[in-house]
2 protein chains.
Amino acid sequence: MYSKELLKGTLKPILLKLLSDRGAMYGYEIVQAVKQMSLGKIVIKEGSLYPLLHALLAEGILETESRKVDGRTRKYYALSKKGKTETVSALGELEDFMSTIKLILTTKPTTQL
Amino acid sequence: MYSKELLKGTLKPILLKLLSDRGAMYGYEIVQAVKQMSLGKIVIKEGSLYPLLHALLAEGILETESRKVDGRTRKYYALSKKGKTETVSALGELEDFMSTIKLILTTKPTTQL
DNA sequence: TATTGATACATCATTTATCTATGCATCATA
DNA sequence: TATGATGCATAGATAAATGATGTATCAATA
């Protein structure tokens, strides 16, 4: 797990990317997938994920459908049409941001003002 | 400027990297340097920077020295010995985090569970 | 058969990094 | 003499994520 705050702002694009790749997913599955893909380094908390899912649902970015599997209810979330557009811009922004950070981190010390 | 929250957790390592590269710097100079290096995309607010500088000073990560230049007071901050160690781990963590995000963002859609 | 751990959803209070807004002061310029 | 750039500072607001907690089903095990 990374120091508390780095994750901020990255959860939403990560979620959108996952749904974009895999189609409909349910909460528990999302947590496991992120944990697995990040080699255990990113563990989304339920207290973070469910409010985010509900918010994106309310925004019309996600659509939902409940299915009963082995006596347990799973609530599947998928990208709406609007959500697919949103995903493109969210991922673009994150990648842009990361290159900016990378730029600062890799600037040679000799580059003085 | 990026959407509000992405910056969270990155300000400290960015600051440490800057001081590590350039030695002692003062607040206003730091804001300008980050703005310039990020091509205007990252603008640190004074309300964010000064409390951070004071906190790092209190932690013994930074050392300070005031100089009067052209009638204006500049408060220079530099890494302490402890701060140099801290910088190494902070930058390491940020880079590790970024590769993890990159890993998730670039995973091929065909990689299903 | 009782307990534990995994599965599955949910909410509420707390934390905390950053921003907004504001304040003060000096200097250069128009 | 007003404005913008330089320079430091703080207090209150914002909002994302966490921690803590709750409910319930199912599988494994002791």
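Note that these values count all heavy atoms, side chains included, but never hydrogens, waters or copies made by symmetry. Because the structure is predicted, anything quoted here is derived from the model rather than measured. Lettering follows sequence order; numbering is per chain, from 1.
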Let me know the distance between CG of B:Leu7 and C1' of C:dT20, rounded to the nearest Å.
-> 16 Å
Ion pair check, B:Glu63 and B:Lys81, cut-off under 4.0 Å | no
Rounded to the nearest angstrom, tell me the gap between atom CD1 in B:Ile42 and atom C1' in C:dC19.
-> 15 Å
Minimum-distance nucleotide (side-chain atoms of B:Lys8 versus C:dC9, C:dT16, C:dT18) = C:dT18
Closest heavy-atom pair, B:Thr100 versus A:Ser38, reported as atoms and distance to 0.1 Å, is CG2-CB, 3.5 Å
Return no unless some side-chain N or O of A:Lys45 is found under 4.0 Å from OP1 or OP2 of D:dG19.
-> yes
Taking atom CG of A:Leu49 and atom CG of A:Leu15, what is their separation to the nearest 0.5 Å?
-> 6.5 Å
Could you check how far OH of B:Tyr26 sits from C1' of D:dT6, rounded to whole Å?
-> 8 Å
Please work out which residues in residues 47-54 of chain B have a non-hydrogen atom less than 4.0 Å from an atom of DNA chain D and list them by number.
-> B:Gly47, B:Tyr50, B:Pro51, B:His54
Calculate the interatomic distance between A:Lys75 atom NZ and D:dA24 atom P; express it in whole Å.
-> 17 Å
Starting at atom CD1 of A:Ile44, determine the distance to atom P of C:dC9, rounded to an integer number of angstrom.
-> 13 Å
Could you check how far CD of A:Glu46 sits from C1' of D:dG22, rounded to whole Å?
-> 12 Å
Under 4.0 Å between a side-chain N or O of A:Arg74 and OP1 or OP2 of C:dA8?
-> yes
Starting from C1' on C:dC9, measure out to CE on A:Met25 and report it in whole angstrom.
-> 16 Å
In whole angstroms, the gap separating C1' of D:dA17 from CZ of B:Phe97 amounts to 12 Å
On DNA chain D, check which nucleotide each of B:Tyr77 and B:Arg72 is closest to and give me the residue with the more 5' one.
-> B:Arg72
Contact class for A:Tyr76 (heavy atom, under 4.0 Å): base, sugar-phosphate, or nothing?
-> nothing
A:Leu11 has a side chain; which of D:dA17, C:dA17, C:dA8 sits nearest to it?
-> D:dA17
Among D:dA16, D:dA9, D:dG7, the nucleotide that comes nearest once only the side chain of B:Glu5 is considered = D:dA16
Do NZ/NE/NH1/NH2 and the carboxylate oxygens of A:Lys75 and A:Glu29 come within less than 4.0 Å?
-> no
Can you tell me how far the CG atom of A:Leu62 sits from the CG atom of A:Leu79, to the nearest 0.5 Å?
-> 6.0 Å
Who are the salt bridge (Lys or Arg N to Asp or Glu O under 4.0 Å) partners of B:Glu65, not counting sequence neighbours?
-> B:Arg67
dist B:Tyr77:OH -> B:Thr64:OG1 (nearest 0.5 Å) comes out at 4.5 Å
